[in-house]
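Both backbone and side-chain heavy atoms feed into the values below; hydrogens, waters and symmetry mates do not. Counting starts at 1 for both ligands and their atoms, following the listed order.
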Amino acid sequence: MSFRATVLTLYPEMFPGALGLSLAGRALEAGSWSLEPVQIRDFATDRHRTVDDTPAGGGAGMVMRADILAKAIDHSSPPGDVRPRLLMSPRGKPLTQQKVRELAAGPGVVILCGRFEGVDQRVIEARGLEEVSIGDFILSGGEPAALVLLDAVVRLLPGVMGNEASGDEESFENGLLEHPHYTRPPVFEGLEIPAVLTSGNHGKIAKWRREQAERLTAERRPDLLAAARDAGKT
Ligand code: SAH
């Protein structure tokens, strides 16, 4: 059974969107994964198909109703569905490559995309939703965040990446940012490719890349180096 993604949203037209093209799009066509957008509004009960209401306690904006969302979730992910249920949310645990790898190793995912001020807290608890953030900034809705998460997961699915090996040296896979890349021409606006890369000495090249990765990580993301040290990786 291939990886199955269900996305609960008020904007199903946003899917597959960017994921219908390139690597993810070809994998979707080939059946390496599947994507089912579900219109939350279809589970509304009134004539106007209302999904939100004013926040209890007052204040600006609207909140997505727990009862409507629960119906949408129960329909799309009935008991027995073992896929994790995620809620895209700036309050969630920041998404990491490790989490992406865990998801890619599983049967799929059910993703709820918030809109307005967010969703009623009770549906998060009652349906065991795991909140996931894609960074410390606020989007207008969970859809772009869901696309980001799925893009990261899909490229790890078996057979999706043409060059499997290129996955291992990627930024974050070994706790470091990746080394710089170069290709033809040998001289660009007076700038040369570092000589070691054209030396043909693979031991030296590997050493240089490792050093560059460590230097870049120390400069830009000292937090990653500290985490790698704590995990006993360096
Ligand atoms: N009032 C909320 C923000 C709501 S933004 C707050 O201050 O926390 C509307 C929706 O966009 C959210 O429900 C969530 O689904 C999505 N969203 C916004 N920023 C996000 C982020 N950084 N990561 C994941 N989802 C996000």
Side-chain angles (χ1 to χ4, degrees), residues 3-20 24 33 35-44 48-77 81 83-104 106 108-156 171-172 220-221 223-224 227:
F3 188 91
R4 198 157 69 88
T6 300
V7 180
L8 283 66
T9 169
L10 291 174
Y11 298 96
E13 308 85 354
M14 289 193 187
F15 298 87
L19 298 180
W33 69 295
L35 176 62
E36 183 199 12
V38 173
Q39 171 58 274
I40 294 167
R41 222 172 268 291
D42 291 346
F43 300 87
H48 303 292
R49 306 216 297 159
T50 312
V51 296
D52 58 329
D53 212 326
T54 54
M62 299 295 269
V63 175
M64 294 175 87
R65 285 171 53 146
D67 53 348
I68 312 286
L69 292 175
K71 274 204 280 174
I73 293 168
D74 293 345
H75 171 86
S76 320
S77 178
D81 184 354
R83 294 177 297 166
R85 295 172 180 163
L86 311 183
L87 167 64
M88 302 320 296
S89 159
R91 297 188 322 192
K93 205 168 170 192
L95 184 64
T96 60
Q97 188 62 20
Q98 183 185 333
K99 179 69 181 178
V100 166
R101 236 183 282 123
E102 282 168 20
L103 290 172
V109 71
V110 179
I111 304 179
L112 174 57
C113 300
R115 279 273 154 181
F116 320 118
E117 290 310 314
V119 312
D120 189 306
Q121 180 64 26
R122 292 169 294 177
V123 75
I124 301 178
E125 291 162 18
R127 291 299 179 274
L129 305 182
E130 181 184 347
E131 295 182 67
V132 177
S133 166
I134 63 157
D136 292 342
F137 42 79
I138 305 293
L139 301 167
S140 54
E143 290 80 6
L147 290 169
V148 164
L149 182 144
L150 288 172
D151 181 284
V153 168
V154 165
R155 63 188 284 285
L156 295 185
S171 289
F172 308 121
R220 298 181 184 180
R221 295 293 303 277
D223 57 307
L224 288 181

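None of V123, D120, V51 except one satisfies the side-chain contact (heavy atoms from CB on, under 4.5 Å) rule with I68; the exception is V51. With E130 as the partner, the salt bridge (Lys or Arg N to Asp or Glu O under 4.0 Å) test is satisfied by one option alone out of K99, R85, K93: K99.
R41 contributes a side-chain N or O that, together with a main-chain N or O of R49, makes up a donor-acceptor pair within less than 3.5 Å. Side chain of R115 to main chain of D52: no donor-acceptor pair is present (N/O by atom type, distance under 3.5 Å, no hydrogens or angles).
Residue contact check: F116 has heavy atoms under 4.0 Å from atoms 4 (C), 5 (S), 9 (C) of ligand 1. Applying the 4.0 Å criterion to heavy atoms of E117 picks out, from ligand 1, the atoms 1 (N), 2 (C), 4 (C). Taking every heavy atom of L139 and a limit of under 4.0 angstrom, the matching atoms of ligand 1 come to 5 (S), 9 (C), 11 (O), 18 (C), 19 (N), 20 (C). Ligand-side atoms of ligand 1 in range of G118: 13 (O), range being under 4.0 angstrom from any heavy atom.
Taking each of P144, A145, S140, G142 in turn, the one with a heavy atom nearest to atom 16 (C) of ligand 1 proves to be G142.
Nearest non-hydrogen protein atom to atom 23 (N) of ligand 1 is I134 N, 3.1 Å. What sits closest to atom 24 (C) of ligand 1 on the protein, heavy atoms only, is S89 N, 3.4 Å. The protein non-hydrogen atom at the shortest distance from atom 7 (O) of ligand 1 is I138 CD1, 4.3 Å. The nearest heavy-atom contact from the protein to atom 8 (O) of ligand 1 is P90 CG, 3.5 Å. From the protein, the heavy atom lying nearest to atom 13 (O) of ligand 1 is G114 CA, 3.4 Å. Among protein heavy atoms, atom 15 (O) of ligand 1 sits closest to M88 O, 2.6 Å.
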side-chain contact (heavy atoms from CB on, under 4.5 Å) between V109 and L150: does it pass, once the steps are laid out?
CA-CA 9 Å; V109 71; L150 288 172; 3.9 Å; yes
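Annotation: side chain of V100 is not in contact with side chain of F172 (no heavy-atom distance under 4.5 Å). Inter-residue side-chain proximity for M88 and I111 is flagged as met; some heavy-atom pair is nearer than 4.5 Å.
Residue contacts with ligand 1, taken as heavy atom pairs separated by less than 4.0 Å, involve V132 solely via the backbone atoms N, CA, C and O.
Counting all heavy atoms, side chain and backbone alike, K71 lies closest to F43 at NZ-O, 3.2 Å. Closest non-hydrogen pair, D74 versus R127, comes out as OD1-NE, 2.8 Å.
Proximity of L87 to ligand 1 is not established, as no heavy-atom distance is less than 4.0 Å.
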